[in-house]
Amino acid sequence: MAAALGAVYTLGGRVADAVPLLTQALEQTTATEMVGFQALCGLSLGEAHLLADRLEEAHTLAERALAHAREHQERGHQAYALRLLGEIAARHDPPENEPAETHYQQALALADELGMRPLVAHCHLGLGLLSLTIGRGEQARSELSAAIALYRAMEMTFWLPQAEVPLAQV
């Protein structure tokens, strides 16, 4: 329950409440050798650290989750870890353009192969925002439009403004 509640707190922007719960969940899954939940808990905690601008902690957790997911053939978690690594690289000041783009593209390819449409949309959003940041207007327009189309098709209205507002700037 701690992992689920922590993930909800993260999505709601309550990072200070999320981190202790997600840390507890990761420690419990590791101590009890609940292999199937370790990557998920690490990714959730990594997302919380990213939102708190703790990029080093987020990067460490994402790398561990990726290694764990690869070792245990958890391809969905691999895709999420790659997207998180893309987000982290894109958030650096200045952005680490090449690693961010590579991670997003790898996540996008894997998510598309696995039919993970929400993650595909998030990858397009990340690529669009990165392209906008580095001055690639046409690529930004294409990626953001793809994200918007997917979000609309899946009725993920929460995410629409995050793609529509930047698209209006292109």
Side-chain angles (χ1 to χ4, degrees), residues 3 7 10-11 22 26 29 35-51 54-167 169-170:
T10 299
L11 286 172
L22 293 168
L26 182 57
T29 59
V35 175
F37 291 102
Q38 288 177 15
L40 178 61
C41 289
L43 290 169
S44 295
L45 184 55
E47 290 279 352
H49 280 296
L50 176 64
L51 289 177
R54 294 185 213 126
L55 300 183
E56 292 303 317
E57 293 94 333
H59 187 267
T60 298
L61 287 160
E63 286 287 350
R64 283 184 194 155
L66 179 60
H68 178 88
R70 284 180 172 154
E71 180 182 344
H72 296 281
Q73 300 176 356
E74 299 172 3
R75 297 180 72 218
H77 289 145
Q78 286 178 42
Y80 275 107
L82 289 165
R83 190 216 45 97
L84 180 56
L85 287 167
E87 289 286 318
I88 295 163
R91 289 262 179 101
H92 275 90
D93 187 17
E96 296 175 349
N97 302 335
E98 190 175 314
E101 190 168 17
T102 299
H103 289 305
Y104 281 133
Q105 290 290 355
Q106 290 173 343
L108 178 61
L110 188 51
D112 191 44
E113 178 185 336
L114 297 173
M116 301 170 73
R117 292 176 62 216
L119 184 56
V120 168
H122 292 328
C123 290
H124 282 297
L125 175 63
L127 284 165
L129 295 174
L130 178 66
S131 297
L132 186 61
T133 301
I134 61 177
R136 294 185 195 160
E138 282 303 310
Q139 185 177 352
R141 183 177 289 111
S142 174
E143 295 292 352
L144 292 169
S145 295
I148 290 167
L150 284 165
Y151 290 142
R152 284 187 180 142
M154 292 180 287
E155 299 181 19
M156 293 176 65
T157 57
F158 173 83
W159 296 97
L160 281 172
Q162 295 184 42
E164 290 172 338
V165 170
L167 181 59
Q169 298 173 4
V170 179

With Ser44, the side chain to side chain contact (heavy atoms under 4.5 Å, CB included) member among Leu22, Leu26, Leu61: Leu22
Side chain to side chain contact (heavy atoms under 4.5 Å, CB included) partner of Leu43, the single match among His77, Arg64, His68: His77
If you look at every heavy atom in Gly137 and Val170, which pair is closest and at what distance? O-CG1, 3.3 Å
For His124 and Leu108, indicate whether the former's side chain and the latter's backbone hold a donor-acceptor pair under 3.5 Å. no
Expected output: side-chain Ser142 to main-chain Glu138 donor-acceptor under 3.5 Å: no
Are the side chains of [Y] and [X] in contact, using a 4.5 Å heavy-atom criterion?
{"X": "Ser145", "Y": "Leu167", "value": "yes"}
{"X": "Gln106", "Y": "Leu110", "value": "no"}
{"X": "Ile148", "Y": "Leu125", "value": "no"}
{"X": "Glu63", "Y": "His59", "value": "yes"}

Determine, for Glu101 against Arg136, whether the closest basic-nitrogen to carboxylate-oxygen distance falls under 4.0 angstrom. yes
Mind running side chain to side chain donor-acceptor pair (under 3.5 Å) on His122 and Tyr104 for me, showing each step along the way? CA-CA 9 Å; His122 292 328; Tyr104 281 133; over 6 Å; no
Step through the shown structure and confirm whether more than 12 heavy atoms of other residues, nucleotides or ligands are within 6.0 Å of CD on Gln169. yes
Just verifying a value: how many Å separate [X] [atom1] and [Y] [atom2], rounded to the nearest 0.5 Å?
{"X": "Leu130", "Y": "His103", "atom1": "CG", "atom2": "NE2", "result": "12.0 Å"}
{"X": "Leu84", "Y": "Leu45", "atom1": "CG", "atom2": "CG", "result": "10.0 Å"}
{"X": "Arg117", "Y": "Asp112", "atom1": "CZ", "atom2": "CG", "result": "10.5 Å"}

